[in-house]
Amino acid sequence: MRTWTPFAESDPEARAVLTKLPELSGKPEEYRSAMQKLGKHLGTCIHGKLPSSTTDVRVVCTVEDADFLAKGVIQKLEEKGLKTYLLCLWNEGIKEHGISISPILKTYQEEIGQPSPVLIVVKSIISGACVVKTNITRAVSISNPERVFVVSPVMLKGAEDKLSEVFPKRISEKFEYIHFATDTGKEGNNVVPGIGGSVYELLGLGNRSTKNKYTPQIVKDRRRKLFRVTASATVNSGPMMSEHLGVGTSRVAGSRTRPARNTKVKR
């Protein structure tokens, strides 16, 4: 059974796009477009919850959501005048003895100057909350956020409580949930109706393992842009500017990609 949230009740277009998702199985291009649209609608909801004084936000996402749902969120927030900093994580899905874990294989991280940024954690669907838990843990380990938005088109009933329970109160009390629908049914590992099935296959990224071989275009584009900006700052201002290049530069941990200048790579 599905229950619409107040965010969806006030946004009939988002409801229509989400309702149509199960019909897009086998149509990855249309599914990708629909996810990006949902991201924009979620971005509008997020912006409505932020004070006018907010200027910078960190968007946290998984590799499979980066070019689609997270991209839509970022586009909408930037349209509203906010500066976004991306933290993209490649999560592996492992289940042993009935326990699910989601270790991080690789990280793309854009440095942000604020010590207490607003975090926006984006996920295509939240059910067991294992991946979201891992990614929030990573995000709060590198900053002390003042607010943490957990954002998704669909959440399984009870996922909010399950996620909040695994964090200390000083962290969980910062959580704010934004989603369009709460579903109660599951078939195997998939929430029903959810987002229509396994998001990896629906997006055309393969399965849980092969999707981690994918490098999102948004990561490539943003790294290229950051390289041009930092390289230009170094040329125009001379060597003294190099000490300030941490803000707005990027790091990739666990990557075998050849690093650009002013980019740190951990292997």
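Numbers here simply count residues along the sequence, with the first being 1.
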**Q.** Full working for side chain to side chain contact (heavy atoms under 4.5 Å, CB included) between Q109 and Y85
**A.** CA-CA 8 Å; Q109 175 187 326; Y85 296 82; over 6 Å; no
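- A 4.5 Å side-chain heavy-atom check between I142 and L87 finds at least one atom pair inside the cut-off.
- Hydrophobic clustering of Ile, Leu, Val, Met, Phe, Trp and Tyr side chains at less than 4.5 Å, counting indirect connections, unites V60 with I104.
- Taking hydrophobic clusters as Ile, Leu, Val, Met, Phe, Trp and Tyr residues chained together by side-chain heavy-atom distances below 4.5 Å, I171 shares a cluster with V150.
- Residues V191 and S127 have side chains in contact (heavy-atom distance under 4.5 Å, counting atoms from C-beta outward).
- For E173, the CD atom is densely surrounded, since the number of other residues' heavy atoms within 6.0 Å is greater than 12.
- Ring geometry, F167 versus F175: the interplanar angle exceeds 60°, so the pair is classed perpendicular (tilted spans 30 to 60°).
- I74 has its side chain within reach of I218: a pair of non-hydrogen atoms, C-beta onward, lies under 4.5 Å apart.
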**Q.** Criterion side chain to side chain contact (heavy atoms under 4.5 Å, CB included) on Q75 and Q36, from CA distance to verdict
**A.** CA-CA 9 Å; Q75 286 176 329; Q36 190 170 340; 2.8 Å; yes
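- Two rings, from F149 and Y177, have their centers 6.0 Å or more apart.
- The shortest non-hydrogen separation linking V140 to P145 is CG1-CG, 3.9 Å.
- With respect to I120, the side chain to side chain contact (heavy atoms under 4.5 Å, CB included) criterion is satisfied by exactly one of L82, I46, I178: I46.
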Q: Verify side chain to side chain contact (heavy atoms under 4.5 Å, CB included) between W4 and T19, making sure each step is shown before the conclusion.
A: CA-CA 11 Å; W4 296 108; T19 300; 3.6 Å; yes
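- S25 contributes no side-chain N or O that, together with a main-chain N or O of P22, makes up a donor-acceptor pair within less than 3.5 Å.
- P153 places a side-chain heavy atom less than 4.5 Å from the side chain of L69.
- Judged by distance alone, with hydrogens and angles left aside, the side-chain atoms of S141 form a donor-acceptor pair with the main-chain N or O of R138 at under 3.5 Å.
- For S164 (side chain) and D161 (main-chain N/O), no donor-acceptor pair under 3.5 Å exists by modelled atom type.
- The two residues G196 and L202 have their closest heavy-atom pair at C-CD1, 3.7 Å.
- Side-chain atoms of S33 never come within 3.5 Å of backbone atoms of E29 as a donor-acceptor pair (strictly under, hydrogens ignored).
- Atom CG of L105 and atom CD of E92 lie 5.0 Å apart (nearest 0.5 Å).
- W90 approaches C88 most closely through the heavy-atom pair CZ3-O, 3.6 Å.
- Distance check, rounded to the nearest 0.5 Å: OG1 of T210 to CG of N207 gives 4.0 Å.
- Smallest separation of non-hydrogen atoms from A129 and A159: CB-O, 4.5 Å.
- One N or O on the side chain of R58 and one on the backbone of E110 form a donor-acceptor pair closer than 3.5 Å.
- Between I136 and L163, some side-chain heavy-atom pair lies under the 4.5 Å cut-off.
- Atom NZ of residue K76 and atom OG1 of residue T44 lie 4.5 Å apart, to the nearest 0.5 angstrom.
- Once rounded to the nearest 0.5 Å, the distance linking CG of L77 with NE2 of H47 reads 7.5 Å.
- Of the residues K71, R208, K211, K213, the one that meets the salt bridge (Lys or Arg N to Asp or Glu O under 4.0 Å) test with E64 is K211.
- Judged by distance alone, the side chain of S152 and the main-chain N or O of V154 form a donor-acceptor pair under 3.5 Å.
- Checked against S124 for a side chain to side chain contact (heavy atoms under 4.5 Å, CB included), the options L38, T62, D65 give a single hit: D65.
- Heavy-atom neighbours of K174 NZ from other residues, nucleotides or ligands within 6.0 Å: above the threshold of 12.
- The cluster map of Ile, Leu, Val, Met, Phe, Trp and Tyr, joined by side-chain heavy atoms under 4.5 Å apart, puts V131 and L205 in different clusters.
- No side-chain heavy atom of D56 sits under 4.5 Å from any side-chain heavy atom of P117.
- When all heavy atoms of E187 and V192 are compared, the closest pair comes out as CG-CG2, 3.5 Å.
- The pair E176-R147 counts as a salt bridge, with a side-chain nitrogen and a carboxylate oxygen less than 4.0 angstrom apart.
- For the pair K106 and Y108, the cation-pi criterion (under 6.0 Å, within 45° of the ring axis) is not fulfilled.
- Atom CG in N212 sits 7.5 Å away from atom CG in N91 (nearest 0.5 Å).
- Closest of all the heavy-atom pairs between K220 and T215 is CE-O, 3.7 Å.
- In terms of modelled atom types and a separation under 3.5 Å, the side chain of T5 and the main chain of H179 share a donor-acceptor contact.
- Within the model, atoms CE of M155 and CD1 of I126 stand 4.5 Å from one another, a figure rounded to the nearest 0.5 Å.
- Looking at R222 and E78, a side-chain N of the basic residue comes within less than 4.0 Å of a carboxylate O on the acidic one, giving a salt bridge.
- Within the structure, salt bridge (Lys or Arg N to Asp or Glu O under 4.0 Å) contacts touching residues 2-25 (residues at least two apart or in different chains) are R2-D183.
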Q: Might you work through the side chain to side chain contact (heavy atoms under 4.5 Å, CB included) test for L21 and L18, ending with a clear yes or no?
A: CA-CA 5 Å; L21 284 185; L18 183 53; 3.6 Å; yes
